[in-house]
Amino acid sequence: MERKTGLILALDVTDRMEAVAISEKVSGYVDAIKIGYPLVLSTGMDMISQLSKYAPIIADFKVADIPNTNRLICEQVFKAGADAVIVQGFTGHDSLEAAVKLAKEQKKDIYVVTEMSHPGALDFMQQVGEGIAKMAADAKASGVVAPATRPERVAEIRKIIGNDLSIISPGVGAQGGSASDVIKAGADWVIVGRSIYQAEDPAMAAKKLVDEMKEFI
Ligand code: XMP
């Protein structure tokens, strides 16, 4: 994924026309559009190819299965037109490696969830986040997903993965994180949903974030 603006739209709307309209409005400000279960379950897998004309598509299915099933899922998602898939890391090295191997064969990307951005991530995930980051680096994944709500953790994760992997970071805006703070901490992209798609003027909201990050990108 090429970094031009540092912004990824999380498009968690559930209406096809709204999804297309928002994508059209913000396409000049985003490097990718992340879609997940809310949009795909309500509209269908063809939403991926429909939106891919506006930006590369990251499929946030948080894939978390045995190696063979991870491979089968990623195969279908790439076939549908996605450029990247988000997978969970807690399932272990073999599950991750199966997804990465397929992605590399198809010149696509896998991003691995380390610890999540919500408060409940402290219950279990944070304890294993650093180990997952190291595993993602060893597996040569394209990058990891790390929380904009905790820039200090993003900085820790950056130290572990070095500069070969990217960090994409959700939690800006509605969840309380700051775009410029997390970019300064070491993230390559911020992932922003509600603050853009619920804004009265989504393009203006996206532009504001891009302007805020500009000097740190
Ligand atoms: P909002 O509306 O909060 O949307 O800006 C954030 C988007 O990112 C997803 N999300 C995560 N995905 N690891 C992930 O892989 C995380 O820690 C995480 N936190 C939020 C969320 O589902 C939504 O699409």
Side-chain angles (χ1 to χ4, degrees), residues 1 6-14 18-19 22-23 26 29-43 47-48 51 55 57-64 70 73-74 77 82 84-91 96 99 109-130 132-133 136 141-154 156-157 161 165-179 181-183 185-199 202 205-206 208-210 212-213:
M1 183 164 52
L7 180 62
I8 296 169
L9 169 68
L11 193 51
D12 294 323
V13 298
T14 53
E18 192 184 0
I22 292 169
S23 299
V26 306
Y29 300 108
V30 300
D31 289 335
I33 298 172
K34 181 181 84 67
I35 69 176
Y37 294 115
L39 184 56
V40 172
L41 291 177
S42 55
T43 63
M47 196 76 242
I48 295 177
L51 293 181
I57 301 297
I58 301 175
D60 184 359
F61 291 144
K62 295 194 178 68
V63 181
N70 268 12
I73 294 169
C74 290
V77 181
V85 177
I86 293 178
V87 305
Q88 286 287 8
F90 62 72
T91 46
L96 173 59
D109 294 308
I110 296 290
Y111 292 96
V112 186
V113 179
T114 54
E115 79 185 50
M116 294 183 72
S117 56
H118 62 309
L122 303 183
D123 294 345
F124 301 106
M125 291 192 88
Q126 190 173 78
Q127 290 90 303
V128 294
E130 292 170 19
I132 291 175
S142 299
V144 300
V145 190
T149 46
R150 294 177 216 106
E152 71 288 356
R153 294 291 295 159
V154 170
E156 272 308 308
I157 287 167
I161 64 173
L165 276 74
S166 303
I167 298 179
I168 62 176
S169 189
V172 167
Q175 293 182 69
S178 138
D181 284 355
V182 76
I183 293 290
D188 298 288
W189 282 276
V190 294
I191 298 171
V192 184
R194 285 163 287 181
S195 302
I196 296 176
Y197 67 74
Q198 289 180 348
K208 258 189 172 167
L209 286 158
V210 170
E212 178 192 331
M213 293 187 287

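Numbers here are sequence positions counted from 1. Whatever order the structure lists ligands and atoms in, that order sets their numbers, starting from 1. Fair warning: this is a prediction, and the values are worked out from it, not measured in the lab.
Close approach of ligand 1 to Val113 is summarised as follows: ligand atoms under 4.0 Å from at least one heavy atom of the residue are 15 (O). Close contacts of ligand 1 with Ala10, meaning ligand atoms under 4.0 Å from a residue heavy atom, involve 7 (C), 24 (O).
For Val13, the side-chain contact (heavy atoms from CB on, under 4.5 Å) partners two or more places apart in sequence, or in a different chain, are Leu11, Glu18, Ala19, Ile22, Leu39, Tyr197. Legend: residues meeting ring-ring contact (aromatic ring centres under 6.0 Å, His included) with Phe90, ordered by chain and number and at least two apart, are absent.
The option from Glu115, Lys34, Arg194 that lies nearest to atom 1 (P) of ligand 1, judged by heavy atoms, is Arg194. The residue among Pro170, Gly173, Ala148 with a heavy atom at the shortest distance from atom 18 (C) of ligand 1 is Pro170. When the heavy-atom distances from atom 12 (N) of ligand 1 to Lys62, Gln175, Arg150 are ranked, the shortest goes to Lys62.
Within the 4.0 Å heavy-atom cutoff, His118 does not count among the residues contacting ligand 1.
Scanning the protein for heavy atoms near atom 20 (C) of ligand 1, the closest one is Ser117 OG, 3.4 Å.
Taking CZ of Arg150 as the start and CD of Gln126 as the end, the distance is 5.5 Å to the nearest 0.5 Å.
A donor-acceptor pair under 3.5 Å is formed between the side chain of Ser169 and the backbone N or O of Ala148.
Residues Ser117 and Gln175 bring a donor and an acceptor atom of their side chains to less than 3.5 Å of each other.
In terms of polar-atom proximity, defined here as any N/O pair under 3.5 Å, Gly193 does make such a contact with ligand 1.
The closest side-chain heavy-atom distance from Val63 to Gln88 is not below 4.5 Å.
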